[in-house]
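Throughout, protein chains are lettered first and strands after them, A, B, ... in sequence-line order, and every chain is numbered starting at 1. These numbers come from the heavy atoms of this one structure, side chains and all, not from hydrogens, waters or symmetry mates.
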Amino acid sequence: MESIYRLLKAVLIEFFKTNYSECIPSDFIFQSTNKEHQGHITLMVFPLAKLVKKSPDDLANAIGIYLMSSDLILGQQVIKGFLNLRLSPKAFQLLIQDNSDLKIESKDLKKIVLEYCGPNTNKPIHIGHLRNMFLGYAVAAILKEVGHDVHKVNIFNDRGIAICKSMVGYMEYGNQTTPESEGIKGDFFVGKFYVLFSTECSRQAQPFIAQGMKKEEAEAQTAIFQKANDLLIKWENGDIEAIALWNLMNGWFYDGVRKTYARLGIDSEKDYYESQEYKKGKDIVEIGYQSGVFQKDETGAIYIDLTDKGLDKKFLQRSNGTSLYITQDMALVKQRFDDYRMDKMIYVVGDEQNYHFKVLKYIMEAMQEPFSKDIYHLSYGLVLGKDGSKFKSREGTPADADMILDAVVEEAKSQTLESGKAEQFLEKELKEIAESVGLGALKFALLKVTATKNIVFDPKEAVDLNGDTGSFIQYTYVRTKSLLSRWEGKLNAQMATELAAEEEDLILHLSSFKSCLLRCAEALDPAELALYTLNLAKIYNRFYAQVSVLKEENIEKRNFRVFLTNLTNQVLSKSLTILGVPLPEKM
RNA sequence: GACUUGGUAGCUCAGCUGGAUAGAGCAACUGCCUUCUAAGCAGUAGGUCACAGGUUCGAAUCCUGUCCAGGUCACCA
């Protein structure tokens, strides 16, 4: 698209130079022409008319006539100050030339580290993690595609009171069982004891609640909670037994969660562990305190005063000297910049932590760390249930990532069976198709919504294979693939002299792929790419239904349509790969 | 209360820096498989863009105010 605009702009500047030499516009606004009107692109004449103080219609007419001298323009029509332009075959040929190569050359390339996933090791990952992973994966892929040097890292929140709860649960109810002995996936096995702990804890809390205590307060009074707390202190003090159990249970967890990562196609080049970093935070706190950036209150707790930034006092270390969530993040961010020396650190973390990252940035600024300006929180909205409430795992709703994935894959399988096509597939193929269609549907459903917005997620709808779904795109991809597999000739970008409207639409849309990617990279949001891809599939399907490709008798036309099919296939394949949506062989 | 994000068709969402009669999909209804995969295509119906002002040739989009919803404001993570 760009080269067309560039060429047209040159002609327009020419026009203004000859007619209105005093006021040359710095920019021209084009948009695609409305369906009701003839034309492909439209020039906005209003701002120009204002500049030269002429009526929009008169100016539009004058420009329209002038543009006819360009061999890019075949026709022009002025309607209420809109100058609608029909592009010539040469213009379309140019668009094809510009876009048959999908490589993007951009400047200002950066080294970027992106943190995503971030599971807690005490229970299986849930739907919120899915959004996090899909989003992080796609953003990283987009940045890479545009040319940046991207490094994905993962953080395991592997220490703290939560895992201690699972550990106490196991000590109480485990009876020496293992995931192997029970036939349960490791992360679920660990999570089972977290639930057992929670159940017992709320049971023990009942009497306190009856006395009028708040739930959280009451639970803190229970004997079982006390055990977890003691265990945490033991762990922090390096107690051998506590650490052995911790290693054992985290091992089970990693074993389970890595299976889920593999199934989801999620990867990272480096894993960070909170347990290995958190202590360094205390040193930073100490340095900050010594240099007067942080203060100590009467109980001995250390805080930073951010009231002049419109924020509150933020505590960085408890009065008993133990570290807090923010303490370890202070250490971790520094560690990352030491490890990678990158230009930008992107945290993919939910928007409930907006405040946290704002504070983290201010603290690093206050400590005069030069990297403070390069910290970026890529924040995304919640995944809500159908009634608008948060997904929860305890009430029997299938919020666990594995459960949701299983459900979606199962649904994809039954849809395939229903379609009547299953007979032509082997059992193994059917399984593969269900897996990639199910996973694709799930990823697309979570990626098509603007990242900052909350998503209302209905598993049934995501699984639905009709309409605005990943499967629709996958289907279109398979269609192009199947068609191309029947083609034995060469690919030829030489355009036929006459184009059908469906071909023009396809070319126009294909030609905006690169600019779409660049906008996504700028916005750090794959949603536009998801919708672009969906639209490409729609436009191709229309093309497919309206014109013949392999059965076209005119050789020129046939060759060119195969070429368009191939380009569509490539763009679909590239987009889906970036989004992390699997490419099925058959459907 | 403060800060922050949002409110567009019955439902889920687009609508990029202001541009033409506000667009998709789902759900409802109609057609189209002897033709390159019908998980498809074509069509009908569905709207006071939360509300009220303002800015201007022009506002879903920008500004102000109001209402509603989510999130955050811990010596939790």
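Put simply, A/K453 has a side-chain N or O that comes within less than 4.0 Å of OP1 or OP2 on B/G7. Not one side-chain nitrogen or oxygen of A/T469 sits closer than 4.0 Å to the OP1 or OP2 atom of B/G25. Considering only side-chain N and O atoms, A/S482 lies under 4.0 angstrom from the phosphate OP1 or OP2 of B/U37. Residue A/K80 places no side-chain N or O under 4.0 Å from the OP1 or OP2 atom of B/G58. Dashed line: the shortest gap from a side-chain N or O of A/R318 to OP1 or OP2 of B/C76 is under 4.0 Å. One finds no side-chain N or O of A/R479 lying less than 4.0 angstrom from the OP1 or OP2 phosphate oxygen of B/C36. In this structure, A/K448 does not reach the B/U12 phosphate: none of its side-chain N or O atoms is under 4.0 Å from OP1 or OP2. Close to B/C3, at under 4.0 Å from its OP1 or OP2, lies no side-chain N or O of A/K309.
Look at A/F46 and the base of B/G58; the rings do not stack under the cut-offs of 5.5 Å between centres and 30° between planes.
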Legend entry - Nucleotide-level pairing of RNA chain B, given in dot-bracket where Watson-Crick and G-U pairs need both distances under 3.5 Å and | marks other strands: (((((((..((((.....[...)))).(((((.......))))).....(((((..]....))))))))))))....

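For A/F472 and A/Y475, the distance between ring centers is not under 6.0 angstrom.
Nucleotide B/C33 carries a syn base; the chi torsion (O4'-C1'-N9-C4 or O4'-C1'-N1-C2) is within 90° of 0.
Between the P atom of B/U37 and the CG atom of A/N569 lies a distance of 14 Å, rounded to the nearest Å. Summarising the geometry, the separation between CG on A/L484 and C1' on B/U37 is reported as 13 Å, rounded to the nearest angstrom.
Residue-environment remark: CD (A/E585) stays at or below the threshold of 12 foreign heavy atoms within 6.0 Å.
Among the nucleotides B/U72, B/A14, B/C75, the one closest to the side chain of A/T299 is B/C75.
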Inset, instruction - Test salt bridge (charged side-chain N to carboxylate O under 4.0 Å, His left out) on A/R159 and A/E236 and set out the steps. - result: CA-CA 9 Å; A/R159 50 142 244 128; A/E236 288 214 18; 3.3 Å; yes

